[in-house]
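Counting convention: from 1, in listed order, for ligands and their atoms alike. Since the structure is predicted, the reported quantities are computational estimates derived from the model, not experimental observations.
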Amino acid sequence: MEPIFITTFFNVTKHLLQMFFQHLPTSLFTINPQKFKSYPHYTYICVEICLKKFNSKIMKRKIAIAADHAGFEYKEIVKNYLSENFDVQDFGTFSTDSVDYPDFVHPAATSVENGENELGILLCGSGNGVQITANKHQKIRCALCWMPEIASLARQHNDANMISIPARFISKEVAIEIVNKFLSTDFEGGRHQGRVDKIAFC
Ligand SMILES: O=C(CO)[C@H](O)[C@H](O)COP(=O)(O)O
């Protein structure tokens with residue numbers, strides 16, 4: 001390849017990366033064009049980083065969150081934790097005043113069901129009330145998660161599109177770990193696909 005093309009290619013890539021992702025380490029942009037031939041995979045890596053960062057910055061994943069008074073404090077913590085990297089839609093409640101969880105869960109579940117949000121996180125004291133409510137929706141598979149491994153399995157095996165968290169029974173740190181697993185684990189498909197397809201009954 002002509003050196004001029006190589007130099008131009010790297011300069012353009014460098015400027016684009018710097019423009020969009022100023023927080024990335026400078027070392028990532030320090031590329032010697034003369035060494036291009038010995039780093040063919042570098043282009044691929046640059047493009048991949050570019051696309052991932054572009055996706056997470058410009059097209060943030062949309063997450064619904066809702067809680068009752070028992071889950072309110074954890075909801076705020078989870079919401080703040082996610083706010084930088086996700087587009088979080090908060091369906092309430094907005095204080096520790098006593099409320100009825102279905103009033104907040106149904107709108108959140110509807111938003112996941114109709115595709116307005118990709119996934120949803122629900123919190124109440126035991127996790128049961130919000131889970132039972134959400135699972136009344138035909139297209140919702142809401143898993144009660146009290147440890148991170150259960151959240152991973154809920155995605156891998158059950159293709160759960162919502163989780164419920166028992167705020168009165170786990171620490172805030174564990175709640176965050178659960179949310180991380182839920183949002184970063186993919187459905188495995190395969191033998192689980194047919195099972196998941198059989199869940200919605202009528
Ligand atoms: O866990 C719950 C539902 O499953 C609720 O958070 C819990 O029932 C609220 O209880 P209280 O009104 O006594 O605060």
Quiz item: Quick one: CD on Glu113 to NE2 on His106, what's the gap to the nearest 0.5 Å?
Solution: 10.5 Å

Quiz item: Do you see a donor-acceptor pair shorter than 3.5 Å between the side chains of Gln193 and Asp197?
Solution: yes

Self-check item: Joint cluster assignment, Val112 & Phe104, ILVMFWY side-chain distance < 4.5 Å
Solution: no

Quiz item: side chain to side chain donor-acceptor pair (under 3.5 Å): which pairs involve residues 140-153, sequence neighbours left out?
Solution: Arg141-Asp159

Quiz item: If you group Ile, Leu, Val, Met, Phe, Trp and Tyr by side-chain heavy-atom gaps below 4.5 Å, do Leu123 and Ile163 land in one group?
Solution: yes

Need the list: ligand 1 N/O atoms against protein N/O atoms, distance under 3.5 Å, rounded to one decimal.
| from | atom 1 | to | atom 2 | distance (Å) |
| --- | --- | --- | --- | --- |
| ligand 1 | 1 (O) | Gly125 | N | 3.1 |
| ligand 1 | 1 (O) | Ser126 | N | 2.8 |
| ligand 1 | 1 (O) | Ser126 | OG | 3.3 |
| ligand 1 | 4 (O) | Ser126 | OG | 3.0 |
| ligand 1 | 4 (O) | Gly129 | N | 2.8 |
| ligand 1 | 6 (O) | Asp68 | OD2 | 2.6 |
| ligand 1 | 6 (O) | Gly125 | N | 2.8 |
| ligand 1 | 10 (O) | Arg168 | NH1 | 3.4 |
| ligand 1 | 12 (O) | His69 | NE2 | 3.3 |
| ligand 1 | 14 (O) | His69 | NE2 | 2.8 |
| ligand 1 | 14 (O) | Arg168 | NH2 | 2.8 |

Quiz prompt | Straight-line distance of Phe72 CZ to Ser95 OG, nearest 0.5 Å | solution = 6.5 Å

